*Asks:* 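My questions will all concern the structure given below.
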Amino acid sequence: MLSKTIQDALNEQIKNEIQSAYLYLAMAQHCESKNLPGSAKWLTMQWQEELEHSQKLIGHMNDREGRVVLGAIDKPQTEWASPLALFKDVLAHEQKVTALINSLYALAIKENDYATQIELQWFIKEQIEEEKNATMVIDQLTMLGETGTPLFMLDRQLGMRAK
Ligand code: FEO
């Protein structure tokens with residue numbers, strides 16, 4: 001059984017994961033509009049991954065007799081000045097999510113909720129991956145430049161994302 005405090009915090013994080021999904025869908029559609037199909041695919045996969053994160057937390061709530069209550073999500077940003085600006089926003093967003101997950105973990109420790117701690121350990125590891133992936137794209141865009149052939153090649157590479 002989950003405490004009310006943990007349930008509220010998990011509901012908040014479920015909403016945050018769905019908010020993240022919505023942001024990545026907006027980013028993917030922005031890239032579609034700019035004829036960057038590889039970036040759009042990368043971000044569409046990110047959208048799906050965020051939905052999986054929300055489902056994972058929903059599953060944890062359901063398994064432990066928690067009550068999932070969905071909150072309102074905000075309208076996401078829809079335009080970015082450049083691919084580099086967009087991927088910098090991806091990284092900034094993931095850094096924010098990392099802080100949220102860490103706070104949630106601290107709360108689970110305070111509440112002596114061992115099962116939630118174990119569940120959140122997966123998310124802590126996942127955030128390392130999320131920040132690493134965004135940083136790599138930023139570094140490559142910075143290194144290669146974001147016009148002409150380099151952007152075309154990088155976009156193709158992003159389109160090869162398999163998971
Ligand atoms: Fe659900 Fe991108 O972290």
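Whatever order the structure lists them in is the order used to number ligands and atoms, beginning at 1. On a predicted model such as this, the values are computed, not experimentally measured, just so you know.
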*Asks:* Side chains of Val90 and Val137: closer than 4.5 Å at any heavy-atom pair?
*Replies:*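 Heavy-atom side-chain distance check fails, nothing below 4.5 Å.
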*Asks:* Provide the protein N, O or S atoms situated under 2.8 Å from atom 1 (Fe) of ligand 1; waters are not included.
*Replies:*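 Protein N/O/S atoms under 2.8 Å of atom 1 (Fe) of ligand 1: Glu17 OE1, Glu50 OE1, His53 ND1.
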*Asks:* From the options Lys125, Gln46, His93, select the one residue that forms a side chain to side chain donor-acceptor pair (under 3.5 Å) with Glu130.
*Replies:*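 Between Glu130 and the candidates, side chain to side chain donor-acceptor pair (under 3.5 Å) is satisfied uniquely by Gln46.
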*Asks:* Going by atom types alone, do Asn16 and Gln13 pair a side-chain donor with an acceptor below 3.5 Å?
*Replies:*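 On atom types as modelled, these side chains qualify, holding a pair under 3.5 Å.
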*Asks:* Return yes if a side-chain donor-acceptor contact under 3.5 Å exists between Ser54 and Glu17, otherwise no.
*Replies:*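 Their side chains do not contain a donor-acceptor pair, so the 3.5 Å distance test is not met.
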*Asks:* Mark yes when over 12 heavy atoms from residues, nucleotides or ligands other than Lys41 sit less than 6.0 Å from its NZ; otherwise mark no.
*Replies:*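 Buried by this count: over 12 neighbours within 6.0 Å.
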*Asks:* Verify the neighbour count for atom OH of Tyr105: are there more than 12 heavy atoms of other residues, nucleotides or ligands below 6.0 Å?
*Replies:*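 Buried by this count: over 12 neighbours within 6.0 Å.
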